[in-house]
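Notes follow the structure.
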Amino acid sequence: MTLGILATAQLLAVIVLAYAIIDKRKPSYPPQVPSIFPWIGSLVGFNLRRSEFLINCLSQYGPAFKLLLGGRHITVVASEEAIHSLLAAEHGTLSSRSQSYAILRLLGSDSSHTQKLYAIATQELFPILDKRLAKRTLGDLTPGFTDVLFNRLKRFANYQGSLRRSLTEPLYVAANAILLGSKFSPDTYDDYMVFNASLPKRFSMRPFWLFPSSRARGRLLEHISTYIEDADTNHGDNLGANLVKTFQKYNLTSKEGAPLILALEIAAHMNLFNVVFWLITWLLADPSALAAVRDEIDKAVREEFGSFHGFLVNANPENLQSPSFDLLHSAILETVRLSSLLIGVRDAERDIDLKDGERVIPIRKGEHVLALTWAAHRDEGLYPDGYRFIAGRFMQNRDKENMVQNPGKPYFSFGGGKYPCKGRLLAAYEMKVLAIIYFSLFDVTPVPQGYGSSKWKPPQPSSQSTGTIHTTEDVVVKLRPRFDF
């Protein structure tokens, strides 16, 4: 028995030594994050505390480094030029195929149609989104959003409870109304939020109590299947109806197509809900900024729209580009800058060299790339006091045409290059309308929590955040109506 244990230990030592020798033969730049385990590499630390792990690697190895994660070689880039280079690459060179496959497998219990759903998404859904969410046609999509949002927010008058719910429940219902139509039930909100909360753990394969979120996912998929079966494809012209037509074209059953509509739901809500939460939270933590934003909203609603009712009638995307909302627009951009962490994993379909100053970062076919936008967005040389929320940071030199970018400085929160986020203009519109109605209707007061607490403090970001900053805590607020409605 002792000899067997010794032989096993010697064999493991030889494997680790061989791995170290092979590792030394790799190019010296970017540096490889060392690990003692072959194949597994840094997977444990990366999955347990993803954002903290990446930030620590950034401080030790600089703005480009390589990781081994469960047999996958991933290069992480964090400099402005390297991220620009990544975003400029064609999809045929750096694709999101493996990440999309992983998401679709998580959303459906049957993964046998994953490849077909991905093909439908890229060949059919994305062109539809490009057309419907473009600047010139966005105004055709948004009618009804403001009314639904207002009617849901009215229910929170004299409310004391979750800030997150008071923001995301009305936003969920209003966004679904314009994207999927009235047949998509508002009652799915709680199931969506339960399933949504499990996604960071599902993506990183961390252990958690699976049963509640799996049941929530099952109910969501069942509702979506019924929605597909009942869709009026002859008269409906929302995104949902167009998707159902596509399923019919490819002979997909309602159950087979349901995960793709759930994927649309995740794309529409997941990161946006985090950003909206931090927008209101950070404004509440800065009373002077909140007062200035509210004064701007009150003045713009009065002078640009005549009254609050006039705003509800005329709050289309074009009107909300008015300079009268510049401080609110800046606060939204600032929140997105601070809350965005990374751009999802891209697969190298062929060899490519990313530019990084005077150096190049070699990416070989079969490897993967991850962009850590967190670092570029907090570069003190580009963003003084880059770790602070400064509501008016983007007041100057705003590109009103693009609506969500900032000329002359790195701003990767909505992607960029040849393939920016398709929903970026809709997301900016949703956030702006929500903030205007929320602060027009209510005086918002955060309530201190915890034994003996007398002063309110905003919650801390979760170390397990991915994509955008998550929090494991909520904020309790009191909402008092500012006028009768």
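Counting non-hydrogen atoms of other residues, nucleotides and ligands closer than 6.0 Å to CD of Gln115 gives a total of 12 or fewer. In Lys245, the NZ atom is crowded: over 12 heavy atoms of neighbouring residues, nucleotides or ligands sit closer than 6.0 Å. Atom CZ of Arg482 has more than 12 neighbouring heavy atoms from other residues, nucleotides or ligands inside a 6.0 Å radius. The environment of Glu303 atom CD is dense: over 12 non-hydrogen atoms of other residues, nucleotides or ligands sit within 6.0 angstrom. Counting heavy-atom neighbours within 6.0 Å of Phe483 CZ, excluding the residue itself, gives a total above 12.
Looking at Asn242, its side chain does come within 3.5 Å of a backbone N or O of Asn238 through a donor-acceptor pair. Asn196 contributes no side-chain N or O that, together with a main-chain N or O of Tyr192, makes up a donor-acceptor pair within less than 3.5 Å. The closest donor-acceptor contact from the side chain of Glu256 to the backbone of Thr253 lies under 3.5 Å. Distance alone, capped at 3.5 Å, places no donor-acceptor pair between the Lys116 side chain and the Leu252 backbone. With hydrogens and angles disregarded, no donor-acceptor distance shorter than 3.5 Å links the side chain of Ser213 to the backbone of Val194. Side-chain N or O atoms of Thr122 include one that pairs as donor or acceptor with a backbone N or O of Ala119 at under 3.5 Å. Panel note: side chain Asn319, backbone Asn314; a donor-acceptor pair is recorded below 3.5 Å. A side-chain donor-acceptor contact under 3.5 Å links Asp474 to the backbone of Arg164. Looking only at distances, no side-chain donor or acceptor of Ser462 sits under 3.5 Å from a matching main-chain atom of His470. Side-chain N or O atoms of Tyr411 include one that pairs as donor or acceptor with a backbone N or O of Leu333 at under 3.5 Å.
Atom CG of Leu312 and atom CZ of Phe308 lie 4.5 Å apart (nearest 0.5 Å). Between Lys422 atom NZ and Lys131 atom NZ the span is 14.5 Å, to the nearest 0.5 Å. From Leu138, atom CG reaches atom CZ of Arg424 across 10.5 Å, with rounding to the nearest 0.5 Å. Rounding to the nearest 0.5 Å gives a distance of 5.5 Å between CG of Leu149 and CG of Leu434. Taking CZ of Phe53 as the reference point, atom CG of Leu48 lies at 10.5 Å (rounded to 0.5 Å). Distance check, rounded to the nearest 0.5 Å: CZ of Phe389 to OG1 of Thr335 gives 4.0 Å.
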Could you pull out every donor-acceptor pair under 3.5 Å between side chains of residues 221-228 and any protein atom, sequence neighbours left out?
| unit_1 | atom_1 | unit_2 | atom_2 | d |
| --- | --- | --- | --- | --- |
| His223 | NE2 | Ser185 | N | 3.0 |
| Ser225 | OG | Leu221 | O | 2.9 |
| Thr226 | OG1 | Glu222 | O | 3.2 |
| Tyr227 | OH | Leu180 | O | 2.6 |

Throw together a table of side-chain donor-acceptor distances under 3.5 angstrom for residues 269-278, partners on residues two or more places apart or in other chains.
| unit_1 | atom_1 | unit_2 | atom_2 | d |
| --- | --- | --- | --- | --- |
| His269 | NE2 | Asn176 | OD1 | 3.1 |
| Asn271 | OD1 | Thr468 | OG1 | 2.9 |
| Asn274 | ND2 | Thr468 | OG1 | 3.1 |
| Trp278 | NE1 | Ile469 | O | 3.1 |

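Contacts of Glu229 classified as salt bridge (Lys or Arg N to Asp or Glu O under 4.0 Å), with partners at least two apart in sequence or in another chain: none. Residues passing the side chain to side chain contact (heavy atoms under 4.5 Å, CB included) test with Leu239 are Ile128, Leu129, Arg132, Leu179, sequence neighbours excluded. With sequence neighbours left out, Glu304 forms a salt bridge (Lys or Arg N to Asp or Glu O under 4.0 Å) with no residue at all. For Ile55, the side chain to side chain contact (heavy atoms under 4.5 Å, CB included) partners two or more places apart in sequence, or in a different chain, are Trp374. For Arg388, the salt bridge (Lys or Arg N to Asp or Glu O under 4.0 Å) partners two or more places apart in sequence, or in a different chain, are Asp385. Residues passing the side-chain hydrogen bond (donor to acceptor under 3.5 Å, both in side chains) test with Ser198 are Arg202, sequence neighbours excluded. Considering only residues two or more places apart in sequence or on other chains, Val447 meets the side chain to side chain contact (heavy atoms under 4.5 Å, CB included) condition with Gln160, Gln449, Val476, Lys478. Residues satisfying the salt bridge (Lys or Arg N to Asp or Glu O under 4.0 Å) test with Arg97, not counting sequence neighbours, are Glu349.
The shortest side-chain heavy-atom distance between Leu125 and Thr246 does not fall under the 4.5 Å cut-off. Taking 4.5 Å as the limit, every side-chain heavy atom of Phe156 sits out of range of all side-chain heavy atoms of Val477. With contacts defined as side-chain heavy-atom distances shorter than 4.5 Å, the pair Val76/Cys57 does not qualify. Using a 4.5 Å cut-off on side-chain heavy atoms (C-beta onward), Leu67 and Leu54 make contact. Using a 4.5 Å heavy-atom cutoff, the side chains of Leu167 and Leu171 are not in contact. Looking at heavy atoms from C-beta onward, Ile437 lies in side-chain contact with Val433 at the 4.5 angstrom threshold. Using a 4.5 Å heavy-atom threshold, the side chains of Arg152 and Tyr172 count as separate. Side-chain contact check for Phe414 versus Leu425: every heavy-atom pair is 4.5 Å or farther apart.
Pairs engaging residues 274-296 under the salt bridge (charged side-chain N to carboxylate O under 4.0 Å, His left out) rule: Arg294-Asp443 [sequence neighbours left out]. Sorted by first and then second residue, the side-chain hydrogen bond (donor to acceptor under 3.5 Å, both in side chains) pairs involving residues 336-348 (not counting sequence neighbours) are Ser98-Asp347, Glu334-Arg337, Ser340-Ser413, Asp347-His368.
Aromatic ring pairs are classed by plane angle as parallel below 30°, tilted from 30° to 60° and perpendicular above 60°; the pair Tyr429 and Phe145 is tilted. Classification of the His91-Tyr419 ring pair by plane angle, with boundaries at 30° and 60°, yields parallel. Between Phe442 and Phe485, the angle of the ring planes goes over 60°, which puts this pair in the perpendicular group of the 30/60° scheme.
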side-chain contact (heavy atoms from CB on, under 4.5 Å) assessment of Ile74 paired with Phe46: CA-CA 12 Å; Ile74 297 182; Phe46 179 81; 5.8 Å; no
Pair Leu338-His377, side-chain contact (heavy atoms from CB on, under 4.5 Å): steps then yes or no: CA-CA 7 Å; Leu338 277 172; His377 286 173; over 6 Å; no
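Considering every non-hydrogen atom in both Pro459 and Thr471, the closest pair reads CB-OG1, 3.6 Å. In terms of heavy atoms, Phe247 sits closest to Gly257 at CZ-O, 3.3 Å. The two residues Pro446 and Val475 have their closest heavy-atom pair at CB-CG1, 4.4 Å. Residues Asp191 and Ala216 share a closest heavy-atom pair of O-CB, 3.5 Å. The nearest pair of heavy atoms linking Phe311 to Phe305 is N-CB, 3.6 Å.
Checked for salt-bridge contact, Glu124 and Lys249 meet the test: a charged N lies under 4.0 Å from a carboxylate O.
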